[in-house]
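Here the structure comes first, spelled out in structure tokens, and everything after it is commentary.
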Amino acid sequence: MYTTRDPSSFMKFQDLRSSMTRRLHDAISFVKLSSFNGLTVPVGLSSLTKSETSRFLLLDDSNLFHSSAVYAAAFHTATLPFRIGSSGPSATSEVTIGGLDIEMMIRTLSLQSRQQVVAILDAAIPAPPIAGVPNRGLLGSLHPLTPNVAEDSPDTKGAENLVIQGALHSGRRGQASISEVRESISGIQQSYRRGLSFCHLSVSQCPLPIPLPFPRIFGNCIGQHGEILGSPLAGENGRGSLDVFSIPMATRLRSSKAILPFLEKRLQDLQSLGIARGSPGGQLLETWGLEKADVQDLGESLSEMVLSFDPTALDSSSDSD
């Protein structure tokens with residue numbers, strides 16, 4: 001399940017009750033919805049404009065067409081393995097590798113003891129060209145679209161699904177082959193991603209096509225096929241589908257303890273506003289049909305998620321009774 005929020009939903013409320021309502025809603029809706037899924041991917045930054053993802057984009061946080069275009073492009077690439085087809089000895093192709101169905105993807109991301117996976121979605125829009133082995137430039141261009149994410153750190157239980165779509169060569173040498181992309185990425189598990197338990201790679205030579213209704217969000221350093229130009233085009237301010245026909249994309253779904261700040265914030269909000277003795281949100285939660293015991297159960301579920309990523313995370317926390 002993907003849960004997506006636009007930047008305007010992070011606006012600061014003037015009154016405390018509205019702020020409390022939003023924080024409790026975020027915590028409770030997240031834990032209740034994630035209980036129905038093996039894999040949950042929260043997406044939605046407080047500002048796309050200020051994020052590293054928008055380095056080559058011209059975005060307006062108040063324009064929902066812009067944010068929806070960014071997230072839709074990332075979802076399209078992240079789910080590409082489902083459309084590649086089955087992998088295995090009988091599934092050979094010169095244009096795609098790394099097909100997965102959704103059950104296999106969940107299993108690859110839920111290694112070790114993580115039964116309910118909360119994954120981070122990273123994206124590069126557009127992806128830079130492949131240049132060498134290992135290709136730190138391409139992986140270094142991936143930035144989270146999931147909010148409240150910590151700096152990535154070695155995680156012995158970490159796993160990821162990396163998808164590269166329509167990769168280009170550096171310079172003007174055209175599109176990279178599947179084998180060239182694999183060769184460029186092959187050294188990463190041993191060097192750039194040390195501590196990672198598992199990495200699955202999916203590659204397609206087909207770039208992301210830009211449909212006619214797509215907003216004019218590309219900067220003047222993006223060429224017709226999504227190549228990153230050495231010098232910006234003169235007189236261009238916001239390029240759309242008539243200027244940019246397709247772009248290379250890269251996404252990464254990762255199960256990592258870098259998600260801990262996201263989970264801990266919702267747990268802390270639920271404990272302080274809804275569970276602790278004398279908490280201000282008790283009456284509000286009753287109007288939502290939630291008794292004290294129900295809220296405590298939700299808190300325990302969130303605590304289990306936190307502990308699945310870091311068994312020591314709650315050692316220093318005090319009881320919220």
Side-chain angles (χ1 to χ4, degrees), residues 2 4 41 43 48 51 53-60 63-85 87 91 93-102 105 121-130 135 137-138 141-143 145 161-182 184-185 201-229 232-233 236-253:
Y2 296 92
T4 310
V41 185
V43 171
L48 278 171
S51 70
T53 312
S54 65
R55 179 182 176 188
F56 300 109
L57 306 177
L58 298 175
L59 302 174
D60 179 359
N63 191 326
L64 296 182
F65 198 18
H66 287 191
S67 56
S68 63
V70 170
Y71 295 135
F75 291 154
H76 181 278
T77 299
T79 58
L80 183 63
F82 307 153
R83 301 186 295 277
I84 288 178
S87 58
S93 173
E94 295 182 356
V95 294
T96 60
I97 59 166
L100 286 175
D101 59 32
I102 192 166
M105 178 174 285
L121 176 61
D122 303 314
I125 311 174
I130 63 170
N135 187 5
L138 193 150
S141 70
L142 288 163
H143 299 288
L145 293 176
N161 281 307
L162 178 64
V163 183
I164 301 174
Q165 181 176 5
L168 299 173
H169 283 292
S170 57
R172 296 184 175 272
R173 293 190 294 144
Q175 204 165 52
S177 68
I178 297 295
S179 60
E180 288 169 332
V181 174
R182 293 182 68 175
S184 180
I185 300 298
L201 175 65
S202 300
V203 183
S204 172
Q205 276 195 299
C206 179
L208 177 71
I210 304 302
L212 283 176
F214 208 81
R216 300 176 62 85
I217 62 173
F218 298 108
N220 59 359
C221 58
I222 302 300
Q224 286 187 338
H225 301 289
E227 64 272 27
I228 300 171
L229 305 175
L233 299 170
E236 297 280 351
N237 188 18
R239 293 162 59 78
S241 57
L242 297 180
D243 311 294
V244 180
F245 306 146
S246 63
I247 59 171
M249 286 281 299
T251 61
R252 177 175 59 196
L253 277 173

(request) Would you name the heavy atoms of I84 and S202 that are closest together and state the gap between them? (result) CD1-CB, 4.3 Å

(request) Calculate, to the nearest 0.5 Å, the distance between atoms CG and CZ belonging to L142 and R252 respectively. (result) 5.0 Å

(message) I'd like to check the side-chain hydrogen bond (donor to acceptor under 3.5 Å, both in side chains) partners of T77; sequence neighbours left out, ordered by chain and number.
(response) Q165

(request) Identify the two heavy atoms, one from I222 and one from R239, that lie closest to each other, and give their separation to 0.1 Å. (result) O-NE, 2.9 Å

(message) Just verifying a value: how many Å separate I125 CD1 and I217 CD1, rounded to the nearest 0.5 Å?
(response) 7.5 Å

(request) Might you point out which heavy atoms bring T53 and L57 nearest each other, and give the distance in Å? (result) O-CD1, 4.0 Å

(message) In the structure I gave you, are the side-chain heavy atoms of D243 and L233 within less than 4.5 Å of one another anywhere?
(response) no

(request) State, with a plain yes or no, whether a side-chain heavy atom of V41 is found less than 4.5 Å away from one of F75. (result) no

(request) Can you sort out the partners of I102 under side-chain contact (heavy atoms from CB on, under 4.5 Å), two or more places apart, ordered by chain and number? (result) F82, I106

(request) Check side-chain contact (heavy atoms from CB on, under 4.5 Å) between R83 and all other residues, then give those that pass, not counting sequence neighbours. (result) H76, T79, L80

(request) Please list, chain by chain and in numerical order, all residues satisfying side-chain contact (heavy atoms from CB on, under 4.5 Å) with P211, sequence neighbours excluded. (result) P213, F214

(message) How long is the straight-line distance from CD1 of I130 back to CD1 of I164, given to the nearest 0.5 Å?
(response) 8.0 Å

(request) Could you list the residues that satisfy side-chain contact (heavy atoms from CB on, under 4.5 Å) with A127, not counting sequence neighbours? (result) A124, P248, A250

(request) For S179, check side-chain hydrogen bond (donor to acceptor under 3.5 Å, both in side chains) against everything at least two apart and list the hits. (result) S177

(request) Heavy atoms only: give me the nearest A74-L145 pair and the separation to one decimal. (result) CB-CD1, 3.6 Å

(request) Could you tell me whether the side chain of H225 reaches within less than 4.5 Å of the side chain of P207, counting heavy atoms only? (result) no

(message) Once ring-ring contact (aromatic ring centres under 6.0 Å, His included) is applied, do any residues pair with F56, and if so which ones, sequence neighbours excluded?
(response) none

(request) Could you tell me the separation between the CG atom of L208 and the OG1 atom of T251, rounded to the nearest 0.5 Å? (result) 10.5 Å

(message) In the structure I gave you, are the side-chain heavy atoms of L48 and Y71 within less than 4.5 Å of one another anywhere?
(response) yes

(message) Tell me the closest heavy-atom pair linking A167 and V181, and the distance in Å.
(response) CB-CG2, 3.8 Å

(request) Output yes when a side-chain donor or acceptor of H66 lies under 3.5 Å from a complementary backbone atom of L59, and no otherwise. (result) no

(message) Could you work out, with side-chain hydrogen bond (donor to acceptor under 3.5 Å, both in side chains) as the rule, every residue matching D101, not counting sequence neighbours?
(response) none

(message) Taking the side chain as everything from C-beta on, heavy atoms only, tell me whether C206 gets closer than 4.5 Å to V95.
(response) no

(request) Can you measure from OG (S54) to NE2 (H143) and round to the nearest 0.5 angstrom? (result) 9.5 Å

(request) Could you grab the distance from atom CD of Q205 to atom CD1 of I97, nearest 0.5 Å is fine? (result) 10.5 Å

(request) Please name the pair of heavy atoms, one in A78 and one in V163, separated by the smallest distance, quoted to 0.1 Å. (result) O-CG2, 4.2 Å

(message) Once side-chain hydrogen bond (donor to acceptor under 3.5 Å, both in side chains) is applied, do any residues pair with Q175, and if so which ones, sequence neighbours excluded?
(response) none

